[in-house]
Amino acid sequence: MLFLARCLATVVGVRLALTLSSYNRVRGLVIRLDARNDASIADLRRVAWGVAAAARYVPGASCLTQALAGQYLLACQGSTSKISIGIERGTGTELKAHAWLVSGRHIVLGGSINGFAHLIDYGQ
């Protein structure tokens, strides 16, 4: 229960920070943490579950908000991850972007990358 409360506080904090500041500034706070290790599958699942559960209670907790919150939680335990950003293919004139949290070869948050064109990765 304590972990879920921590996830909720993190998602709320990231959501507010993205509202009041820029992505680069918020991301800068995350990458200051010294993360050098690979996370276990159990840790990745726990973070994915906690952030997704918390995001249901935070209005506007977009895929980017969730990815940054998950990256922060992983970095706090010393685990590396990156945020990948892409755009949906075949959307005509409307551009639909999406963000994923990736650790190693595992997508932690954001679902499948199928149907999206990769744009950029923001590593740890």
Side-chain angles (χ1 to χ4, degrees):
M1 193 65 166
L2 185 60
F3 181 72
L4 187 55
R6 185 170 182 218
C7 290
L8 182 59
T10 301
V11 172
V12 167
V14 169
R15 177 69 183 109
L16 286 173
L18 286 173
T19 299
L20 301 173
S21 188
S22 69
Y23 168 75
N24 285 331
R25 181 167 277 183
V26 176
R27 188 177 165 280
L29 296 172
V30 173
I31 62 172
R32 288 183 189 184
L33 299 171
D34 189 26
R36 299 174 188 235
N37 303 313
D38 291 333
S40 69
I41 295 296
D43 286 340
L44 296 178
R45 287 182 179 159
R46 186 173 185 226
V47 166
W49 169 80
V51 169
R56 287 192 285 268
Y57 298 100
V58 180
S62 66
C63 54
L64 183 59
T65 300
Q66 293 178 51
L68 278 165
Q71 188 175 44
Y72 174 80
L73 290 166
L74 287 172
C76 283
Q77 65 186 34
S79 300
T80 62
S81 62
K82 68 180 179 180
I83 293 177
S84 293
I85 297 179
I87 57 170
E88 191 171 7
R89 293 186 185 125
T91 58
T93 58
E94 186 177 323
L95 195 65
K96 294 182 182 177
H98 190 63
W100 296 265
L101 179 62
V102 180
S103 182
R105 297 177 299 167
H106 305 283
I107 297 173
V108 181
L109 290 160
S112 174
I113 61 171
N114 293 333
F116 289 87
H118 177 264
L119 290 179
I120 193 164
D121 289 329
Y122 290 102
Q124 182 65 26

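Keep in mind that this is a model prediction, so the values were computed, not measured.
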Using the side-chain contact (heavy atoms from CB on, under 4.5 Å) rule, take Val26 and Leu68 through it: C-alpha gap first, then chi angles, then the decisive distance, then the call. CA-CA 8 Å; Val26 176; Leu68 278 165; 4.0 Å; yes
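- Between Leu33 and Tyr72 there is a side-chain heavy-atom pair separated by less than 4.5 Å.
- For the residue pair Thr19 and Arg15, a side-chain donor N or O sits within less than 3.5 Å of a side-chain acceptor on the partner.
- Listed by chain and residue number, nothing satisfies the side-chain hydrogen bond (donor to acceptor under 3.5 Å, both in side chains) test with Ser21 (two or more places apart in sequence, or in another chain).
- Annotation: side chain of His118 is not in contact with side chain of Ile113 (no heavy-atom distance under 4.5 Å).
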Donor-acceptor pairs under 3.5 angstrom involving side-chain atoms of residues 46-59: please list them, not counting sequence neighbours.
none

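- Neither side chain, Asn24 nor Ser22, offers a donor N or O lying under 3.5 Å from an acceptor on the other.
- If you take CG on Leu109 and CG on Leu74, they are separated by 8.5 Å, rounding to the nearest 0.5 Å.
- Between the side chains of Ser79 and Asn37, no donor-acceptor pair is found at a separation under 3.5 Å.
- Remark: the backbone N or O of His106 is not paired with any side-chain donor or acceptor of Ser103 at under 3.5 angstrom.
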With side-chain contact (heavy atoms from CB on, under 4.5 Å) as the test, would you mind laying out the steps for Ile83 and Gln71 before giving the verdict? CA-CA 8 Å; Ile83 293 177; Gln71 188 175 44; 3.3 Å; yes
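- Applying the ring-ring contact (aromatic ring centres under 6.0 Å, His included) definition to pairs two or more places apart or across chains, those involving residues 23-44 are Tyr23-Tyr122.
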